[in-house]
> 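Dropping a structure here in structure tokens format, bear with me for questions.
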Amino acid sequence: MQASTGLNYAFSILSPSIKSYFGLTDFELSSLAATINLGGYLALVAGRVYDRLQHRHNFGPRVVLWVGCVLGLLGYGGMYAQACGWLTATYPRLLLCTLLAGNATTWWDTGALVTNVRNFPDDRGSVLGILKAFLGLSSSIYASIYTTAFAGRVALNATPSPPRLSPSPVSQELV
């Protein structure tokens, strides 16, 4: 689980493909990057849920990890669905998906960290060091997989002509 918590840090390797595939401007791409980071800043909710549910038959870790999985599915799955054309690609929808994807990783991180620190109280420093090392390594792992699997190609280009973003009231106001 912890090897997936650094996906937010791999955004820079995916961003050229996302920009060209969806026809984004530099401003729109920067906003997506900021939104995925914003999702990461909302980690307090995961910690609060964990603390509130921990004494109910150890329900806290399970709920926190499952919420992270659902948010990850909605966030990364929503971006994939837009890339495949299953959903109409709009800029506000991309922003929402990146927010959810960014927040999903904080739920995974909270579930792994708190559970392991409580399970190994005498080795907290080592446990935190190992888990945070996986956080840092995870972006390298995903970057290596991405560059190996999609070297020289746009990763999401599953159709001959990529879908351009549909006009939306928000994107029209920005122009």
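Computation of the quantities below employed the complete heavy-atom set of this structure, encompassing side-chain atoms and omitting hydrogens, waters and symmetry-equivalent molecules. Just so we're clear, the structure is a prediction, and the values are computed from it rather than from any experiment.
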> Could you report the tightest heavy-atom contact between Ala43 and Thr106, atom names first, then the distance?
CB-CB, 3.6 Å
> State yes or no: do Leu38 and Leu95 share one hydrophobic cluster built from I, L, V, M, F, W and Y residues joined by side-chain heavy-atom distances below 4.5 Å, directly or via other members?
no
> Identify the heavy atoms of Thr110 and Ala46 that sit nearest to each other, and give their distance.
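Answer, listing the atom of Thr110 first, then Ala46: OG1-CB, 3.8 Å.
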> Should Leu42 and Ile36 be counted in the same cluster of Ile, Leu, Val, Met, Phe, Trp and Tyr side chains packed under 4.5 Å apart?
no
> Do you know which two heavy atoms are closest between Ala104 and Gly68, and how far apart they sit?
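Looking at all heavy atoms of both residues, the shortest contact is CB-O, 3.3 Å.
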> Kindly work out whether a path of hydrophobic side-chain contacts (I/L/V/M/F/W/Y, heavy atoms less than 4.5 Å apart) joins Leu113 to Leu53.
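Looking at the clustering, Leu53 is in a separate group from Leu113.
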> Taking the side chain as C-beta and beyond, is there a heavy-atom pair between Leu100 and Leu96 under 4.5 Å?
yes
> Does a side-chain heavy-atom distance below 4.5 Å link Thr115 with Arg62?
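SC-SC contact between Thr115 and Arg62 ruled out.
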> Just verifying a value: how many Å separate Leu14 CG and Leu32 CG, rounded to the nearest 0.5 Å?
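Here the rounded value is 11.5 Å.
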> Check whether any side-chain heavy atom of Tyr80 sits under 4.5 Å from a side-chain heavy atom of Cys84, and report yes or no.
yes
> Between Phe120 and Ser126, does a side-chain contact (heavy atoms from CB on, under 4.5 Å) hold up when you go through it step by step?
CA-CA 9 Å; Phe120 303 102; Ser126 297; over 6 Å; no
> Under a single-linkage definition using a 4.5 Å side-chain heavy-atom cutoff for Ile, Leu, Val, Met, Phe, Trp and Tyr, are Phe11 and Met79 assigned to the same hydrophobic cluster?
yes
> Enter the distance from Leu99:CG to Leu71:CG here, rounded to the nearest 0.5 Å.
9.0 Å
> Does the side chain of Thr88 reach to within under 4.5 Å of the side chain of Arg93, using non-hydrogen atoms?
yes
> How long is the span from the CD1 atom in Ile145 to the OG atom in Ser140, to the nearest 0.5 Å?
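That separation rounds to 11.0 Å.
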> Out of curiosity, Ser31 OG to Leu94 CG, how far, rounded to the nearest 0.5 Å?
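Going from the OG atom of Ser31 to the CG atom of Leu94 covers 11.5 Å.
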> How about Leu24 and Tyr91: do any of their side-chain heavy atoms sit closer than 4.5 Å?
yes
> Mind checking what makes salt bridge (Lys or Arg N to Asp or Glu O under 4.0 Å) contact with Asp123, not counting sequence neighbours?
none
> Between Trp108 and Ile141, is there shared hydrophobic-cluster membership here, with clusters defined by ILVMFWY side-chain heavy atoms closer than 4.5 Å?
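No: no chain of side-chain contacts under 4.5 Å links Trp108 to Ile141.
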> At what distance, to the nearest 0.5 angstrom, does CG of Leu74 lie from SG of Cys69?
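Going from CG on Leu74 over to SG on Cys69, the span is 11.0 Å.
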> Would the Tyr50 and Trp107 ring centres measure less than 6.0 Å apart?
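Tyr50 vs Trp107: aromatic centres not under 6.0 Å.
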> Which heavy atom in Leu131 sits nearest to a heavy atom in Ala112, and how many Å separate them?
CD1-O, 3.8 Å
> Less than 4.5 Å apart, any side-chain heavy atom of Glu28 and any of Phe22?
no
> Might you work through the side-chain contact (heavy atoms from CB on, under 4.5 Å) test for Asp109 and Lys132, ending with a clear yes or no?
CA-CA 9 Å; Asp109 191 40; Lys132 286 304 179 178; 2.9 Å; yes
> For the atom pair NZ (Lys19) and OG1 (Thr25), what is the distance rounded to the nearest 0.5 Å?
7.5 Å
